[in-house]
Each structure stands twice: as C-alpha cells, then as structure tokens.
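Structure, as structure tokens:
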Amino acid sequence: MPKHSQWLRPLVLASSLLLLCGCVSTSPVSGDDELFVALGGEPDLRLLVDEFIAVSAPDPRVAPTFANTEMKRFREKFYEHLCELSGGPCVYSGDPMAEVHRGLKINEGQFNAVVENLQIAMSRRGYPQPVQNRLLARLAPFQRDIVVQPGNSD
Amino acid sequence: MPEGRRPADSVLLRGAAAVFGVLGLLGSALADGQLLATGGVSTIEGSAGGGVVPWAVLAGYGTSDEWGGSAFASTLNTGDYRLDVAGGALTFNNRLELSLARQSLRLSTLGPALGLGAIRLEQDVVGAKLRLYGDLIYGDWPQLALGVQHKRHRDFAIPSAVGARSSSDTELYLSATRLFLAGAGGYNLLVNGGIRYTRANQAGLLGFGGDQGGSRRAQAELSAAVLLNRHWAVGADYRQQPDLLGFAKAEDWRDLFVAWFPNRRVSGVLAYVDLGDVATLKNQRGWYFSVVANW
Ligand code: HEM
C-alpha cells in the first residue's frame, strides 16, 4: 500500500459518515437546558435579543422588512422562541414560523443576514464559538419555513 | 516556452477574460447573500473549492437571485517546481459557475538538467460547474454539483517526450459538500467528497493519458475544514492521481491549509502542499499562497 493510505482511509470514512448523517436531520430541540444555561439563562438571553435588534435596526438587508412590526411584541416572542429552542423553561406563545414569515417574501440573503447579525450580536455578548454554533444549528432548520424557496425542488 | 507562440489562443483567452470582466461588472450589485467563507476559495483549476479540490459550492457569495464571481492568483513552490495560476469565475444565480485559469509550471530543476534552462509549461483550464441539488447548510441534502473541466496544454513537447498521449482533455467531476453547524466539538465543520473521471497526469501539466494507459478513471477528491470563527478556517485536501506515465510514478496530492476571510471581498489561503514524487523528483513539498477577490 502506498504511504498516503494512512491519510485516505480516515478522510474517506469521515466524509462518508458525515455526508450520510447530513441527510438525516436531527430534531432541533433536545430535552435538556444545557444550551439555555450556556447562553446565560433569561437575563443574558434577553440582552442577546436586544443586541440582535440593535445590530439589525440599521441593516438595510433586514430593517425594511420590520417597517410595520410592533417591536415590543417581536422582542418578547423572539426571546421566547430562543428560550424554548435552547431548552429553557419557556413555551413559545407566538405564531408558527412559516405563518409569521410567509407574506414577507424573505429571500436566502435576508435569512443569512439575520444569521450573521445574530453571530455579530453573540460575539459582542462574548459567547464562545461552540455556544454560538449550537444555537445556530437549532435555528437553521427553520430556513426552509422562512425563506421563499427559489424552486419547489430544493 | 516563448510567449505568443499560439496567438489565436491568447486572443481567445483575452477575449474570454474581457467578456468575463464585462459580465462581472453587469452583475455587480455586489452579490453578498451567502454567509462569509461559504464560497470557499479558488482551486488551482479556477473552480471554487479548497486549494486543490473543487467543492460543490460555486464561486462568490451570490444567492439564487444574484450573479457573482471571483478572481484569483495563486503560487506553489516546491523548490524543484513552481506553479503560478491566475484566473476567475462567474456564478449565475448560485446555479452555474463558469471558470477560467491559466497555469504556468516552471521546471526549476528539470529544465536546466535537460539543458533547456528554467523553462515553463503552460496549461489553460476552462470549467463549468452546475449545482444539481441540495444546499451547503440548509435542508436535508448536502450541496451536490457536477463539474466539467476542459484542459489544454500549451507546451506539449515535454509531456509528449515522457509518454503522454494527448495535449488536451475534458474531465468530469461530481462533488458533495456540507457545512455541519457545531459539527466538530461545537465548531462548524465543512466536509467535501468528490469523484473525478480523469486521465490527467499531474492535473494535466504533464498531459493526458500515457504509456501505462489511455482511459479515464475515477479518482477520489476529499476535503475537510473546521471554521474556527466567521473569519478563519483550517483544513486538509486529498486528491488522488492517476498513474499513467511509465517513466515516473505519480503520487496522490494532499495539503493542510489555513484560510482567512476578513470580509466578502477578499480571502487568502496559506497551505503546505505535498505532491509526492513528481516526474522523477522525490518528495515535492512546499508552500502555497493564494489571494481571491470576490464581487
Ligand atoms: C432563524 C431565523 C428567524 C427566527 C427564529 C425568527 C423568529 C421570529 C419570531 C419568533 C417572530 C415573532 C412572531 C410573532 O410575533 O408571533 C418573528 C417575527 C418576524 N420576523 Fe422573524 N425570524 C427569523 C428570521 C427572519 C428573517 C430572516 C426576517 C426578515 C429579514 C424576519 C422578519 C420578521 C418580521 C418582519 C417579523 C414580524 C412580523 C409581524 O410584524 O407580524 N425573520 N420572527
């Protein structure tokens, strides 16, 4: 065997395993509150929502969509949503994601802009990368409900 | 080899570059819809991907309602060889990528040994990549793409002398790429697996086919990268090589890279590349630098 087989085998294994598990979507909400705690619980999560709103307000990619939104309600519902999603002791009381965003004609770029603003807000709030990414991993499955899909095939 | 030996080729390439430039400007409400780093960087063949392995992602940061593109310059120096590449790509609606690259390989050791001085071998690569299905991040399927690269060697005398059969060829590749959020201990993990149907010797720099075989074969191309944050990624590429020339064994390529994405306009790559033995010269290893501009 050539010497590079020692590189090839683990790489092939890793990529096939990972590509495989990419096709099996995992449930976004796990039973425990580990992530909620890592996010600092209610006080820090509320501050994160405020930071996110502060980052998004001047962002021309997303701000116009919120022109007619009652921000007090959004801020509360967005908090509840993140709280529930991270395993915290909340029950989201807003409307379903698909329903809320359907009429807003949100495109892929706007969704990614919201992800990016959340990343910026989380970095400003001092969260380590793994905590940031775990929250994003739970938000990513909503992309298909929120974004107007370009085709119906994918 | 002397410049301008095939003026028709140069005119064609320059014309194509001009068309690219104009199209790029036309599409130039900056295509910024994708997340930072998710456009990958430019491979040595012009398609978007890692350093030497094309990924299923398309060049630039455009989404399905945008046009985008990239231009790049790269250099790899192993001491015995130096490869310089320049090129660019255009992406339409995150569906189709068209790319161009010119590669110039300097034979720093072999040239003088053959009494030819520090000669260069040049090759042009014209590529197209079609996103078939799926998405890098969202939905249930990894992003899948089918690519084609047409390569034309411009200095075939040396490849021909060592047994290569053809100075140009067209090859197909299929690749699947996925970014797993929090996939590596909380860090985002990018994984790419691809298969190329090829008979290129050293990616075509030593021509196509040889005395040991003339038909194309399936070769694996793999990459994995960990995103340390939005701006930095570290990873590895592996690219299997066909071994069709009897005069010297071809070995698989691999590299370790660090990529920096300060913003959507530019990115930079530093890699340590191991090409194995190349055309009788042992252990060809060296540093690779690349700069990519996106719009
Ligand atoms: C992972 C991504 C997202 C999550 C988790 C999310 C979550 C929410 C939540 C919980 C609400 C409140 C629903 C309610 O009031 O009952 C909401 C409302 C809203 N979202 Fe999103 N959203 C996301 C992405 C986006 C994007 C990308 C945009 C557009 C740029 C957007 C625009 C809006 C607007 C305008 C409203 C207010 C709608 C209204 O006024 O009734 N959202 N979102």
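For clarity, every value in this text was computed on a predicted model and none was experimentally measured. The chains referred to below are lettered A, B, ... by the order of the sequence lines, with proteins before strands, and numbering in each begins at 1.
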Review point. For B:Ala37, what residues pass the side chain to side chain contact (heavy atoms under 4.5 Å, CB included) criterion, not counting sequence neighbours?
Key: B:Leu227, B:Phe261

Point to revise | Residues in residues 119-127 of chain A near chain B [non-hydrogen atoms, under 4.5 Å] | key: A:Gln119, A:Ile120

Exercise for review: Taking atom CD1 of A:Ile53 as the centre, report whether more than 12 heavy atoms of other residues, nucleotides or ligands fall under 6.0 Å from it.
Suggested key: yes

Review point. Rounded to the nearest 0.5 Å, how far apart are CD1 of B:Ile137 and CD of A:Gln143?
Key: 8.5 Å

**Study point:** Inter-residue atom distance B:Thr63.OG1 - A:Phe111.CZ, 0.5 Å rounding
**Key:** 13.5 Å

Revision key, fill the gap. Taking every heavy atom of A:Asn133 against every heavy atom of B:Asn188, the minimum-distance pair comes out as CG-OD1, 3.1 Å

**Study point:** CG-CD distance between B:Leu35 and A:Glu116, expressed to the nearest 0.5 angstrom
**Key:** 6.5 Å

Check your understanding: Taking A:Pro128, A:Gly109, A:Ala113 one by one, which has the highest count of heavy-atom pairs under 4.5 Å against chain B?
Key -> A:Gly109

Exercise for review: Taking the side chain as every heavy atom from C-beta outward, state whether A:Arg144 and B:Asp135 have any atom pair closer than 4.5 Å.
Suggested key: yes

Check your understanding: Based on non-hydrogen pairs under 4.5 Å, which of B:Tyr61, B:Tyr187, B:Tyr138 is most in contact with chain A?
Key -> B:Tyr138

Practice item. Identify the two heavy atoms, one from B:Gly33 and one from A:Asn112, that lie closest to each other, and give their separation to 0.1 Å. Key: O-ND2, 2.9 Å

